[in-house]
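What follows is a set of notes on a single structure, which appears directly below.
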Amino acid sequence: MKRIAIIGGGIAGLTCAWQLHQLGQPFTLYEATPRLGGTVRTLHRDGFTIEQGPDGWVTEKPWAAELARDLGLGDELTPSNDAGRVTWIVRDNKLMAMPDGMRMMVPTDLLALEGSPLFSDEARAAYAAEPARAEELRAAAPDQDESIAAFVLRHYGHEVLNAVAAPLLAGVFGGDVWKLSVRAVMPRFVEMERQHGSLITALQSLVRRDSPSIFTTLASGLGTLIDRMAAALPAGSVRMSAPINSIPDSDHIILATPAHVIRTLLRGLAPERAVELLPAEASSAVLVALAFDEEFALPAGFGFLVPHSEPSQLLAATFVDQKFPGRVPPGKRLLRAFFGGANGLALTSLDDGALAALAHAELVRILGPLPVPAFSTVQRWPLSLPQYEVGHLDRMTELAGLLPSNVHLLGNAYRGVGLPDLIRDARALARQLTS
Ligand SMILES: Cc1cc2nc3c(=O)[nH]c(=O)nc-3n(C[C@H](O)[C@H](O)[C@H](O)COP(=O)(O)OP(=O)(O)OC[C@H]3O[C@@H](n4cnc5c(N)ncnc54)[C@H](O)[C@@H]3O)c2cc1C
């Protein structure tokens, strides 16, 4: 039997371990902390289900739901409440609704833009003109990677970039549209441009009336994925509180730690050039959940995004009980504030009380008066979201070519940050190693 060492017990390392075990292959999993799951962490308190990290996954990508079913959690799969789906964007401290039918910054229904205060006549005209510019846009598509900002500017101009695309990306990746790679972060839009020129035309041909809800989660919280896999692992195969500094003797090494730790671990295993190819930057996140014992009025929808131009330290907020059913006891409310991006790392050094107070104050400024929360939770995730900068995919191809055949990289620094991508790659690697 091969000896396999897995370093890092987040969703990537743990899924790989679980899959190896399913295939009858022994392994040793080393996790630095006393807890498995990494960024995936669910807290249950006073009837509230509070996601301290990811709160669901994009339904369109099937791999997380497949894993849940394989773990016997099919009954727990819970779609987001899309009937009431509205995403709000803050402008001058006020909430403005994104028009119906928007997919990221691309509208599928041009009529829905009429009357939207989010866009000027100029931005609406840029949207309306895009389908007719299809040939020009297709011809102008560069052969090389480019920033998301350059891509959006070519299609819709500055206003759409700043008012919609930048806050959406910041709210998801804590990222900067001028640095992020469009090919790594928005591959589907790049493909649509290549085929159709116009993104609006491409999306209109895809949108189905019966499209499934946009996000999926587990009724009891995503932590159940972690608990189920952990419970299935054989005794003695997992070393907890075991931070690895030098690589254990094994036939195969699977590195599944965050990118900044990989940087150290990879030295000595691969040429220095491989280390240089890893994402140079990662943004930090702080999540503050505020639980309220009383129900109060909130705008419909999942929550809101905050553009850079606003004088706010928030990137986004989620109206948790409106996004997913069953997270909050009846008659109560749960709000989740997401801080990060350029300010993220500095905020991680504030204490819990200061962060909870900051979250409450920022939410009040945008939503109006709020009751005093029954309790709050604070979770810091320093350097948790690697930034896929322009040229990322080429660098990953080069990196793969430099790794010795017994060294494998899993986790969110390479081929996607979302849970489905990480689960897909982790299971595929386990199958490859046992085939
Ligand atoms: C705030 C936030 C919200 C998110 N929301 C979503 C979402 O809604 N949907 C979605 O799909 N994705 C979301 N993501 C992305 C997704 O959650 C992460 O990309 C994913 O969980 C990362 O998993 P991982 O296994 O690669 O790394 P991690 O979860 O970081 O796990 C790495 C593990 O390695 C361990 N480790 C570190 N150093 C060592 C060492 N030296 N030796 C041994 N072990 C070590 C760590 O302790 C950790 O347990 C979100 C991310 C963040 C930060």
Side-chain angles (χ1 to χ4, degrees), residues 5-17 28-42 51-61 63-65 67 80 171-175 214-218 221-223 225-226 229-230 238-248 253-266 279 282-289 302-303 315-316 318 320 323-324 336-341 344 348 378-388 409-426:
I6 305 171
I7 323 287
I11 188 79
L14 179 59
T15 303
C16 185
T28 305
L29 170 63
Y30 299 87
E31 164 54 43
T33 70
R35 190 185 65 83
L36 291 171
T39 319
V40 179
R41 181 170 204 176
T42 307
E51 297 291 7
Q52 307 270 77
D55 65 351
W57 61 79
V58 177
T59 308
E60 199 175 56
K61 297 188 172 187
W63 307 288
L67 175 66
S80 49
V172 179
F173 285 89
I214 188 154
F215 300 113
T216 301
T217 193
L218 291 182
L222 298 181
L225 276 181
I226 303 301
M229 287 195 284
V238 183
R239 310 270 163 86
M240 303 298 293
S241 304
I244 292 298
N245 301 313
S246 61
I247 300 298
I253 315 285
I254 299 171
L255 301 178
T257 64
H260 60 280
V261 182
I262 302 265
R263 193 170 288 284
T264 315
L265 294 177
L266 204 54
S283 70
S284 301
V286 175
L287 292 181
V288 182
F302 290 179
L315 286 185
T318 309
V320 176
K323 182 171 179 184
F324 290 115
R336 196 172 82 145
F338 174 29
F339 298 94
T348 59
V378 174
Q379 180 71 52
R380 299 165 187 77
W381 297 117
L383 305 177
S384 52
L385 287 163
Q387 301 294 293
Y388 293 0
L409 300 179
L410 286 180
N412 66 10
Y414 318 103
R415 292 165 295 270
V417 301
L419 301 174
D421 302 290
L422 300 177
I423 290 168
R424 174 201 60 203
D425 285 4

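Counting starts at 1 for both ligands and their atoms, in listed order.
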Is there a donor-acceptor contact under 3.5 Å from the side chain of [X] to the main chain of [Y]?
X      : Y      : result
Arg415 : Leu410 : no
Thr33  : Ser241 : no
Asp421 : Asn412 : no

Residues that [X] engages under side-chain contact (heavy atoms from CB on, under 4.5 Å), provided they are two or more places apart:
X     : result
Arg41 : Arg35, Gln52, Gln379, Trp381
Ser80 : Asp82, Ser213, Ile214, Phe215, Phe302, Phe324
Val40 : Ile11, Pro54, Leu222, Ile226, Leu419

For ligand 1, which of its N or O atoms have a protein N or O partner closer than 3.5 Å, and how long is each gap?
from, atom 1, to, atom 2, distance (Å)
ligand 1, 8 (O), Asp55, N, 3.2
ligand 1, 8 (O), Asp55, OD1, 3.3
ligand 1, 8 (O), Gly56, O, 3.4
ligand 1, 9 (N), Gly56, O, 2.7
ligand 1, 11 (O), Leu419, N, 2.8
ligand 1, 19 (O), Asn412, ND2, 2.9
ligand 1, 19 (O), Val417, O, 2.6
ligand 1, 25 (O), Ile11, N, 3.2
ligand 1, 25 (O), Ala12, N, 3.0
ligand 1, 26 (O), Asn412, N, 3.2
ligand 1, 29 (O), Thr39, N, 2.8
ligand 1, 29 (O), Thr39, OG1, 3.0
ligand 1, 41 (N), Ile244, N, 3.4
ligand 1, 41 (N), Ile244, O, 3.0
ligand 1, 42 (N), Ile244, N, 2.9
ligand 1, 44 (N), Ala32, N, 3.1
ligand 1, 47 (O), Glu31, OE2, 2.6
ligand 1, 49 (O), Glu31, OE1, 2.7
ligand 1, 49 (O), Glu31, OE2, 3.1

